[in-house]
Amino acid sequence: MTPSPSIHAARRARLASQLGEGGVAIIPTAPEAARNRDSHHPYRHDSYFFYLTGFTEPHATLVLFANGESWLFCQPKDLEREIWDGIRLGPEAAVTELGVTRAWSSTEREARLPEALANQRCVWFPFATHEGLANQVDGWLQTVRARVRMGVLCPSEQRDLCALLDEMRLFKDEHELDTMRRAARISAHAHVRAMQYSARMLRAGQEVREYHLDAELMHEFRRHGSQSVAYTSIVAAGANACVLHYRADAAPVRAGELVLIDAGCELDGYASDITRTFPANGTFSPAQRDAYALVLASQDAAVAATRPGARFSDPHDAAVRVLAQGMLDLGLLNAQQHGSLDAVIEQRAYARFYMHRTGHWLGMDVHDCGSYVEPSEADQVTTRRDPLTQQDVLVRPSRVLRPGMVLTIEPGLYVRPADDVPKDFWHIGIRIEDDAVVTASGCELITRDVPVGIAHIEDLMRA
Ligand code: GLY
Ligand code: MN
Ligand code: MN
């Protein structure tokens, strides 16, 4: 589904209506990033800019006025440059193609921005995401101020546009959900492909390394039209799974060990984010099975807690409860030392084996924007002492889940070797991650084209 300009025009209109009288918003796209010498990183647009325009060329800026008027600065048509770098839309076509009110060459931006800001009250721009933008805005405002003796008014207020856009982006519309479902499906099939490759090659006596599985993922992403990974893939064999930010490297994938893959494609600007953990040769050992079943049960509990009206923190709390009980049952935590389940949770003793949160918002960015605090309750602050750091932490009420929000559900268990930990569990690292859309009655898991059940995984790896 190609986004029609009307989707972006409707978003611009919604944003414009929130700028207040005399409000102007400035949203540049992302800069190009050099890799080394003449090589650049593959270009990726800015998510806010893309959300409002659907436009993916670099060197572009959107200016939006409270009355709904929109200006676009973009690369001018230039035959010489287009021979080298590719076709540019150009300002003339931008008006019809993107539905903006007026468009100019990006070379005119410095001269026209002060014009856009003159006689306005408030300038909105993203505070946190565009390095150097605040200084540029200051420069444009200086130019306006130089003309106040001629009766020109200069905006007296600067406000963070992220506050408005984050709230809009947090609730996905049908077009976004459709794209995210397609991205999720591609990623799920890529995980299946990597699992089956691993088992098949090991059965055939062939060497398998982490980068082989990474290549299988990438092949599946690209062959279905994904433009990129949504984040650097983690392919972690054996003990590497206990390194949370591991990358796909060169370690051998060995029969008898688990492999943790955390990988998702980006499709048409939207991310997917899946983790699966599977036995390299297709069969779980008894200890791997016990640990995996525990993480799966914790994910089931978190999924059940993901529904409208629940808090963002509820899936995490539900997962922690199951994991903590399992740590006691499996002997990872000693009940004599740590006491009851409630004590394990209260003292955060489980954090030795589960040290991250159970999810995050997902959208155009893998860790998508959106407040994790319920806006209407943001002033209800309480203080809690963290039992591990002994530091006081300020806590605000967690966000209430509503239909259209998308989040990941990703509990895990990471066991490093230690004298007080049963040896069978040493080096086991497991995470199971799915992407969930909050619906009217619960949640829809959009990543289950790759299974999570033990028997299902063993079956598909035998196939
Ligand atoms: N892949 C990044 C994350 O799971 O948060
Ligand atoms: Mn994630
Ligand atoms: Mn992930």
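Just follow the structure's listing: the first ligand is 1, and inside any ligand the first atom is 1.
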Distance to 0.1 Å, residue and atom name: give those for the protein heavy atom nearest to atom 3 (C) of ligand 1.
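Looking at atom 3 (C) of ligand 1, the protein heavy atom closest to it is Asp273 OD2, 3.3 Å.
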Test ring-ring contact (aromatic ring centres under 6.0 Å, His included) applied to Tyr292 and Phe284, step by step
CA-CA 9 Å; Tyr292 187 92; Phe284 286 90; 5.0 Å; yes
Quick test of your reading of the model: are Arg182 and Asp268 salt-bridged, counting only N-O distances below 4.0 Å?
yes
How close do Arg352 and Asp420 get, counting heavy atoms only, and between which atoms?
NH2-OD1, 2.8 Å
Measure the CD1-CD1 distance between Ile446 and Ile274 for me, rounded to the nearest 0.5 Å.
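It comes to 8.5 Å.
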Of all the atoms in ligand 1, which lie at a distance below 4.0 Å from a heavy atom belonging to [X]?
X	result
His360	3 (C), 4 (O), 5 (O)
Glu433	4 (O)
His367	2 (C), 3 (C), 5 (O)

At the 4.0 Å heavy-atom cut-off, does Arg431 count as touching ligand 1?
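So Arg431 does not count as touching ligand 1.
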Given the ring of Tyr51, does Arg11 sit roughly above its face, with NZ or CZ under 6.0 Å from the centre of the six-membered ring and within 45° of the axis?
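The answer is yes; both the distance and angle limits are met.
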The single option from Asp178, Asp435, Asp368 passing salt bridge (Lys or Arg N to Asp or Glu O under 4.0 Å) against Lys172:
Asp368
Can we call the ring centroids of Phe353 and Tyr414 under 6.0 Å apart?
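No, they do not, as the ring centres are separated by 6.0 Å or more.
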Sum of protein N, O or S atoms, each under 2.8 Å from the Mn ion (ligand 2):
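That number is 4, waters not included.
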From Val437, Leu267, Val406, residue fulfilling side-chain contact (heavy atoms from CB on, under 4.5 Å) relative to Met180:
Val406
